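The next block holds one structure in the form of structure tokens; read it before the comments.
All values derive from a computational prediction rather than experimental measurement. Below, each value reflects all heavy atoms present in this structure, side chains not excepted, and no hydrogens, waters or symmetry copies.
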Amino acid sequence: MRLPAATLSHAVVSVIFIFSCTLLPWKVSCQNSFFSEEEMLRAVLHPGKERRVFGRSLHDTSLSPVYYTHYSLAVQTVLFQDPVDYDFFLKGEGERMELFVRNATRSTGSSLQLSAMYLQSAMVYLCFGEEIKAGRRILQAFRTFTAIPAAPADPQYLKTKGLFIFLAGNFPRPLISFLPGMSFSPEGHAPYLEEAASMYPECSIFRREIQVLHALCLLADDQPLMAGSLVGSACGAEALPALIRLVSLKKAGKNEEVIRECGYWTIRSDIPWFEYLMGEAWLRKGIEEAGACLDRFLESYRGGHYRKSALLKRAWAALLLGRENEYLHFIGRVKTEGYQVTEADRQAVAEAGYSTGVHRGLLHARLLFDGGYYYEALQVMQHIRPEEITRSGRFALEYTYRMGRILQKLGKDEAALKSFDQTIGMGMEAPWYYPAYAAWQAGQICEKNGYTRRAGEYYRLCLRMKTMEYRSFIRRKARRSLRSLAGQETGNS
């Protein structure tokens with residue numbers, strides 16, 4: 001599985017399970033200076049461009065620096081998803097873990113840390129499509145964790161248990177059959193994380209670390225407003241929680257808030273993702289500054305992933321301003337620069353290769369919609385003439401799908417369903433994402449209004465479609481929705 005990564009949000013969501021560290025009250029020696037657990041965690045929550053490796057002698061009696069080296073490398077590798085970081089992470093993975101394996105039988109703290117390290121490695125593997133290796137690490141983590149005596153008064157124990165519940169509830173392969181004795185569902189993690197956070201004082205960085213974990217779970221659970229609120233209520237000004245809050249606001253369609261808060265961080269942080277987010281936000285609003293922000297991101301970002309996606313958005317910025325030559329220049333770069341591994345980059349290549357090009361009005365409406373400007377998007381759609389879209393099957397599908405999404409957000413469910421049904425009827429065999437996602441959105445409307453049987457039909461229809469765009473992302477949402485419906489039926493019975 002490659003994590004869905006149509007935008008930065010998916011990259012950040014994939015950090016979820018990295019925050020499962022166990023924090024013990026040790027002071028440790030590191031390169032002739034002293035770092036507390038709190039100082040190490042602050043370094044991870046406020047990452048710079050460089051790798052934050054705490055380093056230690058393997059003869060040091062304290063294992064804490066080893067844990068935080070693993071933790072910080074995992075955070076950076078998952079957040080930026082660069083193969084150079086991946087290779088660097090793998091080089092010392094076995095040696096780092098071996099120290100904890102030897103100590104796990106003698107120390108509950110070491111066992112909890114080892115469980116967390118296994119999960120961190122699993123997420124790194126998942127980011128790079130190594131499902132089998134990820135599953136092996138998850139199974140190792142489960143075996144280590146279940147050997148620890150239950151400790152309902154230990155916040156780190158509760159946090160790790162909540163993490164397992166969330167991870168296994170979202171893992172796409174039949175892994176659960178190998179993990180007996182625990183109940184797994186995406187929603188079941190919340191009570192454990194809430195209780196774990198409440199055990200630390202207000203504004204404690206350890207409490208904030210758990211709140212960040214919880215917010216990321218909510219974000220992955222399609223609850224961006226709750227995620228943003230949780231991170232926003234936490235004290236402190238670390239960059240990584242700020243990124244998560246901005247992504248939450250973006251997913252919730254709060255574009256004006258993204259612009260306001262992102263402006264603060266583009267000045268104060270050297271993390272290029274803030275420029276990426278700012279560029280996206282200006283693009284959704286149709287502001288010329290989008291191009292400059294994306295240019296700064298492309299210049300400062302050294303990774304290969306998401307470069308194609310950023311270049312596509314840079315091309316869109318030129319197209320909306322009517323700069324055809326500039327648009328074609330960046331479309332050409334999409335085809336030659338960066339990696340084609342993440343779903344976002346694969347989709348960028350697909351869109352750059354559309355033989356019929358891009359309809360400027362549909363693109364403008366799409367971006368306005370993503371920014372939460374629904375009435376403005378509707379006005380743009382109403383000015384598109386029928387003859388403009390009938391010459392292309394893709395344009396026709398995008399038009400009915402986008403109209404359905406706008407009407408859905410404006411609370412006009414019946415009209416939205418009609419548009420979604422049109423999209424499905426025209427596009428059952430189409431490779432583009434519009435029909436499949438229309439089926440899933442139609443299922444959401446039916447489920448919200450109590451028509452669970454009809455909702456299930458839409459979700460199953462979504463899984464039968466032949467879409468190739470955002471395929472794993474859409475199919476995962478459909479499967480998860482079907483599991484949720486099955487759970488509701490079981491509860492009602």
Side-chain angles (χ1 to χ4, degrees), residues 1-14 78 80-86 126-131 272-273 275-277 279-280 283-284 290-291 293-295 297-299 301-320 323-360 362-364 366-367 370 392-395 397-398 401-402 427 429-437 465-477:
M1 176 187 73
R2 292 183 178 91
L3 299 182
T7 64
L8 171 64
S9 63
H10 301 112
V12 177
V13 167
S14 62
V78 174
F80 300 113
Q81 296 194 14
D82 193 289
V84 174
D85 292 328
Y86 181 53
L126 285 177
C127 284
F128 287 86
E130 299 281 2
E131 285 190 11
W273 292 111
E275 291 287 2
Y276 183 97
L277 278 171
E280 279 191 326
L283 184 61
R284 292 190 188 95
C293 290
L294 291 167
D295 284 340
F297 170 79
L298 289 165
E299 182 179 348
Y301 176 56
R302 301 305 177 195
H305 296 294
Y306 303 101
R307 182 167 292 276
K308 291 181 182 294
S309 179
L311 285 165
L312 179 66
K313 291 177 173 63
R314 181 62 182 86
W316 289 347
L319 183 64
L320 291 181
R323 300 170 181 171
E324 294 287 342
N325 290 337
E326 189 177 317
Y327 166 75
L328 293 173
H329 166 74
F330 283 105
I331 286 295
R333 289 178 61 184
V334 170
K335 299 173 183 178
T336 59
E337 294 184 22
Y339 304 119
Q340 192 175 336
V341 177
T342 67
E343 197 154 1
D345 290 323
R346 292 199 306 273
Q347 181 63 18
V349 172
E351 295 197 29
Y354 286 159
S355 59
T356 53
V358 176
H359 188 286
R360 191 179 304 174
L362 288 173
L363 174 62
H364 192 194
R366 170 184 177 179
L367 293 169
D370 289 343
S392 165
R394 180 169 59 82
F395 289 169
L397 287 173
E398 184 175 0
Y401 166 78
R402 187 63 56 200
E429 303 294 321
W432 308 296
Y433 74 89
Y434 312 115
Y437 211 34
M465 291 195 180
K466 296 182 178 180
T467 180
M468 298 305 294
E469 297 179 343
Y470 301 122
R471 181 179 177 84
S472 61
F473 173 60
I474 296 173
R475 290 174 69 84
R476 190 176 302 116
K477 291 176 82 72

Please report the closest heavy-atom contact between Ala348 and Val334, naming both atoms and the distance. O-CG1, 3.7 Å
[Y] and [X], any side-chain heavy atoms less than 4.5 Å apart:
{"X": "Leu283", "Y": "Leu320", "answer": "yes"}
{"X": "Val358", "Y": "Glu351", "answer": "no"}
{"X": "Leu312", "Y": "Ile331", "answer": "yes"}
{"X": "Tyr301", "Y": "Glu275", "answer": "no"}

Main-chain N/O of [Y] paired to [X] side chain as donor or acceptor, under 3.5 Å:
{"X": "Arg314", "Y": "Gly279", "value": "no"}
{"X": "Arg402", "Y": "Leu363", "value": "no"}
{"X": "Arg471", "Y": "Thr467", "value": "yes"}

Just to verify, which of Trp432, Tyr433, Tyr434 counts as forming a side chain to side chain donor-acceptor pair (under 3.5 Å) with Glu398? Tyr434
What residues form a side chain to side chain donor-acceptor pair (under 3.5 Å) with Glu337, not counting sequence neighbours? Arg333
Non-neighbouring partners of Glu299 that pass side chain to side chain donor-acceptor pair (under 3.5 Å), sequence neighbours left out: none
Is the closest basic N to carboxylate O distance between Arg360 and Glu324 below 4.0 Å? yes
Determine whether the aromatic ring centres of residues Phe330 and Trp316 are separated by less than 6.0 angstrom. no
